[in-house]
Amino acid sequence: MTALLLTALLAPFTASIALVVWGRVRPGTSPAAAGWVSTGAAAVFLAAVIGLAGSDAATHLTWLETGSFPLTIGVTVTGLTWFAALLVAGVSLLVAVYSVGYMAESEGHLRFFAELSFFTGSMLTLVLADSLLLLFAAWEAVGVASFLLIGFHFEQSDARRGAYKAFVMTRLGDLGFLLAWLLLLQETGSVRISEVLGAVEGGALSDPRLTLIALLLFAAAVGKSAQLPLTAWLPAAMAGPTPVSALIHSATMVAAGVFLVLRLFPLFERAPVALDVLLWTGLVTAFLAALVATIQVDFKRVLAWSTVSQLGEMVLALGLGAPLAAAYHLAAHATFKATLFLTAGAVDHGAGTRDLRRLGGLARHMPLTASFMIVAALALAGIPPFAGFWSEELILSAAVQNRPWVAVALLGLIFLAGFYIGRAVTAILEPWPGAPRPRAEEPKATMLTSTAVLAAGAAVSGGVLALWGARLLPFEEHAPGPVAWRVGAVLLGALGLLLGRTLVRRYGPIAPLRLVALPLENFVELLFVGAGRLVLLVAFAVGFIERLLDGGARALARGARKTAWLTSRAEDGFDRLALGGAAGAMAGAGLAELLEREAFGAGGDQAATSLFQAGGGLRLGQTGRLYLYTLGLFVWVGAAGLLSLLWWR
Amino acid sequence: MSFAEVAEWFAFAILAVISVAGALGMATTMSMFRSGIFLMASFIGVAGLFVLLSADLLGLLQVMMYIGGMLVMILFMVLFSHDPGGSMMAEMDMSLIERFFSLGLSSPPDEGMEHGDGMDMGGSGGHEGMEHEGMEHGDGMDMGGSGGHEGMDMGGMDMSMTTPVKRWAAALSLVLGGGLVALLLLRPAWPTTDATPSPESARMIGELLMSKYMMAFESAGLLILIGIFGAVLVARPGAYPDRDARDAYVTADLPPAPIEEGRPPSADAPVPPEALEEVTVNEAHRDKAGGPPSLNGPAGHAASQSAEGDN
Amino acid sequence: MTSGSLDLWAIIPELILAGTGLVLVPVAAFVHGHGNWRYLPMVLTVTALLAALGFTARMLPWEDQAVFSGTYAIDGFGNVFKLILELGGLVSLLTITAHFRERDQVAHAPMALLFVTLGGVGLVSALDLGLIVLFLQMLSMPAYLLVTLVRSDRRGNEATLKYFIYAAAALAIMAYGLTFLYGMTGSLELRTIGRELAAGGDAVWVALSLGLILIGYGFEMTLVPFHFWAPDVYSGATAPVTGFVSVVPKVAGFAAFLRFALLAYPDGAAAWPTLVAVLAVATMTLGNLVALRQSRLKRLLAYSSIAQAGYVLVAVAVAGRAEDALSAAAYYLSAYLFMNLAAFAVVAQVERHRGSDELAQYRGFGLRAPWAGAVLALALLSLAGLPPLAGFAGKVFVLTAAIDGDMTWLAVVAAVNMVIGLYYYVAVLAEMYLRRPPEPSSATPHPSGRPGPWTPSAPLAPGGPAAYWPAYLLTTAGTLALGILPGPVLRLLDEAQRLVS
Amino acid sequence: MELTLRALGVLAALGLAALLTHFFEPAALSDAQERGPAAPAGPRAPAELASNPDRWMHPAGPVMALLGVLFALVVIPFGPDLVPSDLGIGVFYFIVVVDFVVLGLSLGGWGANTRNSVDVYYRATAQLVAYVVPLGLAYIGAIMMARSLSTVSIVEAQAGMWFIVLQPVGFALYLVTGLMQAYRPPFVEPFAAFIDHGVYGASFPWQALLWRLALSSLMFLIAAMGAVLYLGGWRGPLLPGPVWMLLKTFALMAVMVWGGSRAPLLTTGRMLELSWKVLTPVGLVNVLLVGALILLGVGPS
Amino acid sequence: MAVPLTAYLIVGALLFGIGVYAVIAQRSAVMILMGIEVLLNAIGLNLIAFWRFVNPEDYSAQIFTILIVTIGAVEMGIGLGIMMLLYRNRGTVQVDQYDSLKG
């Protein structure tokens, strides 16, 4: 069993090295061959992981002993790790297969597949690790692989920027991880996760320390899972190739944060404050991201924000104390989001764009892709019997039992998810007024096959998990919540889907945004910019008031006309509802995006800028003038003299 | 107080004054040569204090090391300085202390010339760069603050003594020195004894050097070796890989070019005070020899050459 | 106690180095310009360093003792740092030889390098204030010669001037501080001083003298605020020399300060651990922040090395309290040795090849010269502290030591700094891997002639001759080995906790 | 009281010695030597008076030089008890204090503020650099054998045999370097005619007189130290110590001046060359020889 | 010893202060070097004074002082060599002319 475990771990790394060497020896290798090597490795380790089912293989080795602390590295198969490994293996294999087709015409395919294999190997190590040290190492390796893969098209500046941003922002969270495991090492004297958890359960840690550690660990999860305030890197990471987005930025790497919390959940359970932090972070992230997703026009960006939102839901579930639900949602989300990404790649390949405003009516040209997309969208919207339904239902029941108001918020989330995915999918697949109707064709067989498998997963994985999952995972099940809530959730999801669809069919993917969201955005901006600009406004008072009055009158007129227009269509009640809902959603979305951009994005940028400015300021100290340098020495002498007076007694 | 004690205090006072005043003179005088001599005086004063403290061997060692060393060092300073005698600064606005230590600097001989400000060390007159704002400062310790230096156009001449942060420097060093003195006076924390050293200091030191401090002794030897080798390695003429450096080197060794009419030497050549006469000499001999006198100080040669190269 | 044969045997590595240095002086003067003979000093120096390494390693298990009437320590601590220093000298020599091949400097550099190493080796063992001052000078003085090795280089000249004057001033102030220690205790031996001070010295003078003494050590360790010389000197010297100057004197400075502080200021007198901790924060923060704004790689690495010094200082700050802080410091310094020298070896190659260290020269470097690029990338990642490289292990040990020594806040600050540091290391990596190299035609020729071919035609070659390969292999192997299998080395470095007392 | 007497004695001895030397010396010199080495090619500046001297340094020069010789005389023994002060480190003291003469030359040369006199400063300093190492080596031989730095002890150590017999090489070295230190032919370039006879040319009359006095005393002192180091000092049969001492001193002075005047004159550059390429190695060899002799048991016990 | 230790130390402190002034106020590298020599002198004086009053039986401090004097001499030698080179290459030893390395 141990041999199998090591095979599983080493296969992707071997493939990666082999590809690098191969590339050096024979630079002209065909992309397919390279892809199949990578695929083969993925298949080998999928097989190995499946072979490991039910075993409890583990291997450990002492890296070194520093002082009194033994630092070990090791891997182990437990229910949770096997479950996560299976997920990683499955999605990786399918994405690898898909990539064989997708990357056929790209340059640098060898590099791509080598990096892809490296990534899968690292991710697998991450999930199987039984040592915080190894987990941390794999965590960093995953970051490096992500950096390389996002920057794959390095000739594009946004890819470069995205790669840089992703690496550095996630690393910000890693700092928390590093400190957390060092603290754990100090407290428990071990880095073996099993021992650490045992010690934690034995009550080895007192509370403030425990909460601190939990929060530090959560900081790492925030970075990797793109929770607020470290969200901005994930949409930027969409500059990478689509298979990369599918694999890394939806299914595996971003789930690592959630996985980390799951893995160390016993620790979190003992830190209620940390759980609250999780809850709130998850909730706010999920909401804001869902709102932002509703106004995106790039399909991949819709999916990216949707990913953030769904990850927020998982974190929220964790915060509710429902790890099982989070784990289910992790798996379900991996399948349907990967499917969505793969279809996005197919659309991109086929139609040459991912811009919703340039698409439309693709269902006729690519029926298979369209059906996969629809399945995944239904799963995302929580329509039974697809995957999302099962997990969201679990989260909902946990929420209803613990904190009913969270359940209300969850309903809103489900509605929003339905809305944005309905909007996006409709805009792609169905004809809408003024749609350009590009021509497109179905992708290659390899790409279709893997998408199909994933779509099937998205269709059934939820049910399968709901039946057998609990036996696998070390978390207790919640009692199912009241039926009314569950029905309500499904209905709201469906309503969202329909609303989104209607909206697009009426106005296309952009119209309501112009009508409602922009003025709102301006208003919010006014608020943000605040008093300083108000002074300016007063200064230009007369002219401005005039214009304001003028604008007010015009808005009044427009409103009147709109009302008239709306009443003329009063017979279509549903339509009115749709518009109203859409308007509300859009308004929220505009606000949320603004918040995201101005507060968190800008906040991050501000932080970086101020760091840079600090560097620049300090740099001025290095004047190049020798006499100032020596002056510094003597100033220190004076300071030392003053300092020494502290000891005067 | 016995006679011996009075004598000791007297000797101490004289030697202390010599050391401190020497150092102060070194730091403030306008003449580089005098700086060197003042420093030497300071060293000799400290050596005297050593002898007073019955470390006679060390005192002598100090004197020997520094007379030779300082003479050579002054030689170098004269080489690098464009006004080693400091005469062109002699009548500048100076603080009291600078004026004190610069008393009696040889003043330029041609006071009746058109400038009449005693600043025109070139002696051939008409150098506009001399009238710069830095000179007009009223009571400043330095000649023009930090801005004044940049504003000066001395025709490539180094104003070796201009010191933009002088006032701050003086304040800082006063604070440091004063603070140290205050601490020393207020908190003497030294466990003094009445023991006396053995009279055979040379033997004692020799024995220590050969046993306990053998390593220090040998290492000091190595350090000196490094110093010699390093100085030779750095300063030896050698193959210059790039043209500029080679030119500079070659230039430094060329005989000086004749000083042409109409171009004031102060524009390109530093003029040590002894060269004040040189110009007259030079002019007197030009027809006869066509060449200048060969002694102008190596610095003068180099600078005039490079300045010409630049023009 | 007379200096018997025992004492001389105890300093055999030093004797070897000094003897070879003595031989090299005439040899270097004689062979320069004589074809392949000019490599003779290099060969001799390598032999001497290897022999010294061997003897030092043999002396590791010796019991702790102080020879020459207690002025010179032979103990685990000294031997460990001697090993690091000799290794640093050896690796740097490889790069220097590769860089100056076919030039006269190759004959002079080994001697200066040997003397710096000797100064460092002496410094880490010196127990006597006189010896400390002497060896500090020996550590700096030949380094001036190295910095000005290319005598016509104006940047190098400027660097030398700054280095020289700054060092002279700093070491003079330090010696002034040492005199007060002597005044308070009447002894020049660290251990006696420590005993006397512990028995009762005036706290004000103890603190003041510490402040003064810190200048000298801080200058060698490039602590903020004594770091001003470092960026200028590092960017003015040639790259391989910068590598050497940024490693060996720094390691020696750290070791010497540790010995000094632990022996002469026992029990954290004058609150030196706190002071050092504060300086550590200042050092790493300033180093990292200013490095963000650099556009030349040598200068960037200079600030990076200031920041790295800050990380080591974290271990120094807890040296008196955490039990394995000493070996953590030693470990970090040896990791720093490998990764920094690896980076500078590549910079040296590019500098000789292209005549510049501008970041723009590294555009697409990782794609043009994959192997050299990989060496540089590994070095930078290691400096940034990514597992499983040496820098990561070093940082883990240092942070563990800090937490162990009850300075968790310091560990937190250090960790935050590691993240900031990532920015600029990754910026270089992005330049190397995420940008297309410029077209060969647009390559600027080397200013001093001898432009190397910058063509993609030789993908296997690191963009230049194989002269740098020994250095590449050695440093990269060290970076990897220290990161992946730190156990054996750490066991070796645990000897560093044996401090003669 | 005794101190005053000794001081007066020293002064008297110095004055006498200087006078004797002053009158004795020209007898051995030809005009050619007095002129110094031939001038280098090219025109030289004509003689000029110090019209604008430095007010402090110009007069300080001869005074400093005289102080130097005066202080140096303190350790010259004319008899077992006829020594102004028997310092434990006498020889070392002598070497150090004689350097003041060079300092004086430099001050006077610079202070006169004429072109030629500054040349004196350069050349005098260069000559100091030339002689100082071999001179030290010439002393070390005697010191090693006597195992003391005290002049009296060194003379006592020669009770059995003069060191000239044991160390002829060292003695020869002393003769050469002594001449260099005393600025006598063939090492008179700082006083050559082509730079206006050095400091003499730029001096005022009273300074010139002091210079003559100082340099004459210097020659006397160096000969005296030579007698102490290698000729057994005051030791000799029949005659009283001081007489022997003076006899030996003047004999040595005669030999040095006469021998020097027969040698071709050297420029400063040649002096440096001679010093570093010939004298220093010879001195080192001498030290080795003396060491071997001591190990062999030769010399004073 | 009629003159107390503190008197000598004060002379040393004054020398130190003056050396500081010379080092930071002077612009000519040679003058700065001279300032550093004054600093070294202060060290020597301090050491010898402490030696005489604190521990006159042990001559170690004199050795230390000898080392300091040696260091001063070597520094002077190597410093002048460096300055010679700089002067040859740049025509000046004014330290404020050397400020191209900065930032």
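Keep in mind that what you see is a predicted model, and the values were worked out from it rather than measured. Protein chains get the first letters and strands the later ones, always in sequence-line order, with residue 1 at the start of each. Heavy atoms only: backbone and side chains are in, while hydrogens, waters and symmetry mates are out.
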Considering only heavy atoms, which portion of [X] lies under 4.5 Å from any heavy atom of chain E: side chain, backbone, both, or neither?
| X | value |
| --- | --- |
| B:Leu39 | side chain |
| B:Ile224 | both |
| B:Met65 | side chain |
| B:Leu233 | neither |

Inset, instruction - Identify which of E:Ile78, E:Ile82, E:Ile63 forms the greatest number of heavy-atom pairs closer than 4.5 Å to chain B. - result: E:Ile63

Heavy-atom cut-off 4.5 Å, strictly under: side chain, backbone, both or neither for [X] against chain B?
| X | result |
| --- | --- |
| E:Leu9 | both |
| E:Ala7 | both |
| E:Thr6 | side chain |
| E:Ile48 | both |
| E:Ala49 | both |
| E:Met34 | both |

Between [options], who has the most heavy-atom pairs with chain E when the cutoff is under 4.5 Å?
| options | value |
| --- | --- |
| B:Ala11, B:Gly69, B:Pro191, B:Ala16 | B:Pro191 |
| B:Pro188, B:Ser198, B:Ala231, B:Gly177 | B:Ser198 |
| B:Gly227, B:Pro197, B:Ala13 | B:Pro197 |

Are the side chain of [X] and the backbone of [Y] linked by a donor-acceptor contact shorter than 3.5 Å?
| X | Y | result |
| --- | --- | --- |
| E:Gln26 | B:Ala27 | yes |
| B:Tyr213 | E:Phe64 | no |
| B:Glu8 | E:Ala2 | yes |

Legend entry - Contact check, side chains of E:Val74 and B:Ile228, non-hydrogen atoms, under 4.5 Å: no

Legend entry - For E:Leu14, the option from B:Leu180, B:Leu24, B:Val181 that meets side-chain contact (heavy atoms from CB on, under 4.5 Å): B:Val181

Legend entry - Positive for side-chain contact (heavy atoms from CB on, under 4.5 Å) with E:Phe53, one of B:Leu53, B:Asp194, B:Thr193: B:Leu53

Inset, instruction - Indicate whether the side chain of E:Glu37 and that of B:Tyr66 have a donor and an acceptor atom separated by less than 3.5 Å. - result: yes

Inset, instruction - Could you tell me if the ring centre of B:Trp190 sits under 6.0 Å from that of E:Phe50? - result: yes

Inset, instruction - To the nearest 0.5 Å, tell me how far B:Phe50 CZ sits from E:Trp51 CH2. - result: 10.5 Å

Legend entry - Atom pair OG1/OH of B:Thr28 and E:Tyr21 - distance to nearest 0.5 Å: 7.0 Å

Inset, instruction - Compare every heavy atom of E:Leu15 with every heavy atom of B:Ser19, then report the nearest pair and how far apart it is. - result: O-CD2, 3.6 Å

